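Predicted model only: the values in this text are computed from it and were never measured.
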Amino acid sequence: MGLDETWVLSCAFFSILGLLGYSMIAAGAVRYKSVQSAIITILLGGILTIIAFFITGYAFAFGLDSNKFIGKSLFAAAQFESTPNRNDYDNFVFHTIAAIFVTSIFAFGTLERSRFFSFSFGVVILQGLLYPIVVHWTFGKGWLSIFGFQDFGGSSIIHVFGGVTALVASLLLHERRDQNGKIHPGIFPHHAPFFIGIGTILLVVVQIIFLSGLNRGSENYIKGLVPVNTFLAASFGGLSSYVSYYLKKEKTSLITIARGALAGVVAVSASANDIQLWAAAFIGTLAGISYLVIQLIVKRSHVDDPGQAVGAHLVPGVLGTLLYGIVSRSHGLFYGQGLKQFGIQIVGVLSIAGWALLILAVLVPLKGFGIFKIKPEQESLGIDQSYAGGEAYVFSDQTVETKSLLNSQKKSIFH
């Protein structure tokens with residue numbers, strides 16, 4: 001095995017730990033009565049993603065018999081190649097992990113409210129068809145790549161796409177209910193901020209490794225530049241969100257500093273291989289501040305986004321993708337290249353976000369048939385009690401729920 005293959009696979013193997021990071025964030029973001037279901041959602045999504053991407057997703061993304069819109073071969077790994085110029089096995093592993101990241105972000109928008117069957121169906125369509133087509137447009141040398149759109153590490157391809165699907169799911173599922181069965185007017189507090197903090201730190205590390213793995217065949221300088229830029233963006237993102245939060249609240253926040261760092265990494269992903277160090281710091285700073293601002297807007301708009309997919313993924317992804325047209329060394333406005341690339345980046349972001357909205361074609365019918373969201377009494381009781389066989393935590397002084405709630409739980413995948 002050559003050096004580049006070893007490098008790619010090593011980065012891919014470490015990047016799979018992103019599942020652990022997303023699971024910890026999901027577990028910490030929900031109420032204690034939904035911890036098991038939150039982790040199940042992330043793990044189930046990962047499993048279904050691998051299967052869907054294996055059967056049809058990779059073919060639509062990288063099929064040899066393809067056009068500018070979609071691939072048409074390599075279904076279920078048929079005719080995979082392993083040559084010095086093309087290794088479908090390595091490529092499948094690496095891009096499947098990216099797909100798992102997308103699914104996990106989508107899952108953030110469904111926490112505590114979606115039925116496992118409906119979520120699973122959405123993931124199969126998402127990763128068997130919708131997301132792979134975007135991958136073909138970009139990484140697969142499709143029409144967006146030919147048009148000139150640049151997104152080195154997936155600020156839009158992964159994070160904007162996943163963030164849009166999460167936002168759609170959140171809006172369709174509405175706010176969560178409290179223990180009395182009433183719609184909660186605001187956002188429930190996270191039951192375990194330390195889970196979110198540790199999970200986010202892990203995601204930052206995973207993202208640095210993932211971006212480094214994209215440098216297959218690159219010059220050594222670029223291989224070093226990418227992690228350095230990512231480190232700087234994460235640091236300045238965490239610092240800017242931390243300071244901004246302290247100036248507003250005169251308090252510190254573990255979630256804010258951790259998620260601000262992640263926002264910085266998400267934003268710099270689009271350009272980590274083509275910007276100078278000052279630009280990485282600049283992007284990270286803006287991303288950290290934007291995360292805090294977006295979280296305030298989300299809270300006031302009553303969008304129930306427990307995993308903060310909008311603030312930590314969607315908006316930083318848009319910001320970082322657009323800033324490529326400003327600070328890129330090869331295409332940026334600051335380097336005398338005009339605004340052409342900025343315009344191309346806008347087209348790319350709008351195209352990817354617009355395509356992600358097609359998840360509505362899957363989720364709206366599920367909602368119409370009444371099988372997308374769990375029943376109000378099940379939500380009040382908690383998904384863990386209704387579907388997962390009990391809560392992850394059992395307190396010695398825990399109040400026993402009323403018999404009517406206990407009797408209301410259903411085992412059917414539709415109810």
Side-chain angles (χ1 to χ4, degrees), residues 1-18 21 84-87 90-91 93-95 97-98 101 138-139 145 149-159 200-240 257-258 260-288 316-317 319-337 341 345:
M1 181 176 288
L3 176 62
D4 284 342
E5 293 182 40
T6 303
W7 173 254
V8 170
L9 285 179
S10 297
C11 291
F13 294 153
F14 280 109
S15 295
I16 198 63
L17 291 174
N85 297 323
R86 179 184 180 94
N87 191 321
D90 292 357
N91 204 40
V93 171
F94 203 84
H95 283 282
I97 291 171
F101 293 170
T138 50
F139 292 134
S145 176
F149 177 71
Q150 301 292 323
D151 186 3
F152 168 73
S155 288
S156 283
I157 301 167
I158 296 173
H159 299 281
T200 303
I201 292 170
L202 181 57
L203 275 189
V204 170
V205 174
V206 164
Q207 191 69 14
I208 292 171
I209 296 171
F210 178 80
L211 293 178
S212 298
L214 287 172
N215 280 294
R216 60 194 78 175
S218 299
E219 298 176 358
N220 290 332
Y221 170 71
I222 299 299
K223 283 183 178 176
L225 178 66
V226 169
V228 171
N229 277 334
T230 313
F231 276 130
L232 286 173
S235 300
F236 278 87
L239 181 62
S240 63
I257 189 172
L262 179 61
V265 173
V266 169
V268 83
S269 295
S271 56
N273 67 327
D274 194 28
I275 55 174
Q276 293 183 322
L277 303 185
W278 69 266
F282 174 69
I283 291 172
T285 301
L286 291 183
L319 177 67
T321 306
L322 296 182
L323 284 175
Y324 179 91
I326 303 297
V327 299
S328 163
R329 292 182 301 170
S330 59
H331 299 93
L333 175 65
F334 284 179
Y335 294 87
Q337 302 300 318
Q341 187 63 42
Q345 297 301 102

Could you tell me which non-hydrogen atom of [X] sits nearest to which non-hydrogen atom of [Y], and how far apart they are?
| X | Y | answer |
| --- | --- | --- |
| G213 | W7 | CA-NE1, 3.8 Å |
| S155 | A270 | OG-N, 2.8 Å |
| A233 | G264 | CB-O, 3.4 Å |
| V206 | G18 | CG2-N, 3.6 Å |
| S15 | I209 | OG-CG2, 3.9 Å |
| T200 | A258 | CG2-O, 3.0 Å |

Hydrogens and angles aside, do S156 and T321 bring a side-chain donor and acceptor to less than 3.5 Å of each other? yes
With no hydrogens and no angle check, just 3.5 Å: does a side-chain donor-acceptor pair link Q345 and Q341? yes
Quick one: pull up [atom1] in [X] and [atom2] in [Y] and give me the separation to the nearest 0.5 Å.
| X | Y | atom1 | atom2 | value |
| --- | --- | --- | --- | --- |
| L333 | L323 | CG | CG | 11.0 Å |
| C11 | I97 | SG | CD1 | 9.5 Å |
| Q150 | N273 | CD | CG | 8.0 Å |
| N91 | F139 | CG | CZ | 10.0 Å |
| L286 | L319 | CG | CG | 6.0 Å |
| L262 | L203 | CG | CG | 6.0 Å |

Is it the case that the ring center of F101 lies less than 6.0 angstrom away from the ring center of F210? yes
Sequence neighbours excluded - salt bridge (Lys or Arg N to Asp or Glu O under 4.0 Å) pairs with any residue from residues 275-285: none
Once salt bridge (Lys or Arg N to Asp or Glu O under 4.0 Å) is applied, what residue pairs with a partner in residues 262-283 remain, sequence neighbours excluded? D274-R329
The single option from I283, I208, L211, L214 that satisfies side chain to side chain contact (heavy atoms under 4.5 Å, CB included) with S269 is L211
Side chains of [X] and [Y] in contact at under 4.5 Å (non-hydrogen atoms):
| X | Y | answer |
| --- | --- | --- |
| Y335 | S330 | no |
| S271 | S328 | no |
| L225 | L277 | yes |

Whether T230 side chain and V265 backbone form a donor-acceptor pair below 3.5 Å: no
Would you find a donor on one side and an acceptor on the other, under 3.5 Å apart, between the side chain of D151 and the backbone of I157? yes
Output, in order, the C-alpha distance, side-chain angles, deciding distance and verdict of side chain to side chain contact (heavy atoms under 4.5 Å, CB included) for Y324 and I275. CA-CA 8 Å; Y324 179 91; I275 55 174; 5.5 Å; no
Between F334 and W278, what is the ring plane arrangement, given parallel below 30°, perpendicular above 60°, and tilted in between? parallel
